[in-house]
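Below is one structure, written out as structure tokens, with a few remarks after it.
On a predicted model such as this, the values are computed, not experimentally measured, just so you know.
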Amino acid sequence: MMRITATLVLILFFLVTITVLAQRRNRDTKIPEGVTVHRDIAYVTDGHERQKLDLYVPADTGENLPLIIWVHGGAWLGGNKTHYRPMAYLSAGYAGASINYRLSQHAIFPAQIKDVKAAVRWLRANAETYRLDPNRFAAWGSSAGGHLVAMLGTTGDVAEFEMGENLEVSSKVQAVVDYFGPTDFLQMDTHRLPDGLVHDAPDSPESKLVGGPIQEHKNRVAKANPITYVSKANPPFLIIHGDRDKLVPYHQSVLLKNALEKAGVPVTFYRVEGGGHGWFRDPKVPELTKAFLEQHLKPKQSR
């Protein structure tokens, strides 16, 4: 009982923290001038209230804009699309999308990745309408969002996660930015910090996601592990993780990096020394992210 109580306290602290920080960032971050915002677009007809996205399209920047798709975190229990983290990129020649998806209290996995894929297919099917380049999509997420963008990047050819509308177009993305996302839930407690979140607990975020204690549902956990689907066909990855993360052990990203490298997938991996669960002050993090997105989403200038 003590373990469950400690887990609940950590989850509550985590959700309150990200909510407060997101609200603060929303106050401090303004949408750049000239950007048209299309809010609450349903990417599933007559679907769940969470199956909506916001789309940010800069004006006067030509056609065929590269798109950065943001997938929020929140332990699959909370969070929303309201704060578009890559806001600064809207002034640098990118369009943006921010996706909501069903949370674990609405439906267990794989509902979440099915939603994210449905949103990507909607964006690709409607790319011409919104001046987007359907061949230059990047997915970026942190924590639970990092898990989902990693799943998106590794399951481009996995038919069982493709359901609903716009099935004539692909849910593949051309680049993935994974900030401290979980991968193999079964190994999380083996590598957690002494005062970190207990993931094997029946009320942990991972257990709620798969519909029961993770160690009792290993097949479900394998299905929710992006490493299960790694292949040479996966897009390039940028993975960033703090080595003092109390919520998602650093080793989770090491596992994904190793699997991608073994398969021959281009991967850039950065360890934030002393970094916790995000909110990094290391200047290398934004530098690497900017360079990665430019490399994979923007064509080289002809000289």
Least distance between heavy atoms, P236 atom then Q174 atom:
CD-O, 3.3 Å
Any donor-acceptor pair under 3.5 Å from T154 side chain to P226 backbone
yes
Smallest heavy-atom separation, E160 atom then M163 atom, equals O-CG, 4.2 Å
Heavy-atom pair with the smallest gap, counting every atom of L90 and G96:
CD2-N, 3.6 Å
Reported CZ-to-CG distance for the pair R50 and N80, which is rounded to 0.5 angstrom:
6.5 Å
Residues V177, V149; criterion side chain to side chain contact (heavy atoms under 4.5 Å, CB included); working and verdict:
CA-CA 7 Å; V177 179; V149 298; over 6 Å; no
Straight-line distance of Q51 CD to K114 NZ, nearest 0.5 Å
11.0 Å
Looking only at non-hydrogen atoms, find the nearest pair between L297 and I68 and report the distance.
CD1-CG1, 4.2 Å
About how many Å separate OG1 of T289 and CD of E287, when rounded to the nearest 0.5 Å?
9.5 Å
Geometric cation-pi criterion, K117 with F161: 6.0 Å, 45°:
no
Would you say S204's side chain and H199's backbone share a donor-acceptor pair under 3.5 angstrom?
yes
Scan Y94, Y84, Y130, W70 and name whichever one has a ring pair (Phe, Tyr, Trp, His ring centres under 6.0 Å) with Y56.
Y84
Cluster check V169, L123: I/L/V/M/F/W/Y, side chain < 4.5 angstrom
no
Mutual orientation of the aromatic rings belonging to W140 and Y89 [parallel < 30°, tilted 30-60°, perpendicular > 60°]:
perpendicular
Validation row, ring centre F180 to ring centre H277 under 6.0 Å
yes
Please tell me whether V254 and V221 are part of a single hydrophobic cluster in this structure, the criterion being side-chain heavy atoms less than 4.5 Å apart.
yes
Are any side-chain N or O atoms of Q105 and backbone N or O atoms of L77, one a donor and one an acceptor, separated by less than 3.5 Å?
yes
F185 ring center near H147 ring center (under 6.0 Å):
yes
Can you tell me how far the CZ atom of R124 sits from the CG atom of L67, to the nearest 0.5 Å?
9.0 Å
What I'd like to find out is whether the side chain of L65 reaches to under 4.5 Å of the side chain of P58, using heavy atoms alone.
yes
Would you say the ring centers of Y270 and F292 fall short of 6.0 Å from each other?
no
Filter on salt bridge (charged side-chain N to carboxylate O under 4.0 Å, His left out), then keep only pairs touching residues 68-84, sequence neighbours left out; what's left?
D40-K81, D54-K81
What heavy-atom pair brings P202 and S207 nearest, and what distance separates the two atoms?
O-CB, 3.4 Å
Hey, are the side chains of V272 and I240 touching, using non-hydrogen atoms and a 4.5 Å cut-off?
yes
Show the numbers, then the answer: is there a side chain to side chain contact (heavy atoms under 4.5 Å, CB included) between N126 and L55?
CA-CA 11 Å; N126 292 275; L55 185 58; over 6 Å; no
Checking R244 against L193 for the side chain to side chain contact (heavy atoms under 4.5 Å, CB included) test, could you report, in this order, the C-alpha distance in whole Å, the side-chain angles of both residues, the deciding distance, and whether it holds?
CA-CA 8 Å; R244 301 301 298 169; L193 296 174; 3.4 Å; yes
Sole candidate of E168, E165, E162 that passes side-chain hydrogen bond (donor to acceptor under 3.5 Å, both in side chains) when paired with R121:
E162
For the side chain of R131 and the backbone of A95, is there at least one donor-acceptor N/O pair under 3.5 Å apart?
no
Close side-chain approach of D115 to Y43, heavy-atom, < 4.5 Å
yes
Does D184 offer a backbone N or O that forms a donor-acceptor pair with the side chain of Q252 under 3.5 Å?
yes
Min side-chain heavy-atom separation F237-K257 under 4.5 Å:
no
Do other residues, nucleotides or ligands put more than 12 heavy atoms under 6.0 Å from the CD atom of Q215?
yes
Mind checking whether I239 and L260 have side chains closer than 4.5 Å, heavy atoms only?
yes
Give a yes or no on whether the ring-centroid distance for Y101 and H72 is below 6.0 angstrom.
yes
In terms of heavy-atom contacts, does CD of E33 have more than 12 from other residues, nucleotides or ligands at under 6.0 Å?
no
Rounded to the nearest 0.5 Å, how far does NE2 of H83 lie from OG of S98?
8.5 Å
Is the side chain of N234 donor-acceptor paired with the backbone N or O of V265 at a distance under 3.5 Å, no angle test?
no
Pairs involving residues 266-275, ordered by first then second residue, that meet salt bridge (charged side-chain N to carboxylate O under 4.0 Å, His left out) (sequence neighbours left out):
D243-R271
About how many Å separate CD1 of I99 and CG of L152, when rounded to the nearest 0.5 Å?
8.0 Å
Check whether Q112 reaches the backbone of A107 with its side chain - one donor and one acceptor, N or O, closer than 3.5 Å.
yes
Of all heavy-atom pairs between P235 and G153, which one has the smallest distance, and what is that distance?
CD-O, 3.0 Å
Could you tell me if the side chain of R192 sits less than 4.5 Å from the side chain of L197, heavy atoms only?
no
Hey, is the main chain of V210 close enough, under 3.5 Å, to the side chain of R220 for a donor-acceptor pair?
yes
V116 and I108: same hydrophobic cluster, using ILVMFWY side-chain contacts below 4.5 Å?
no
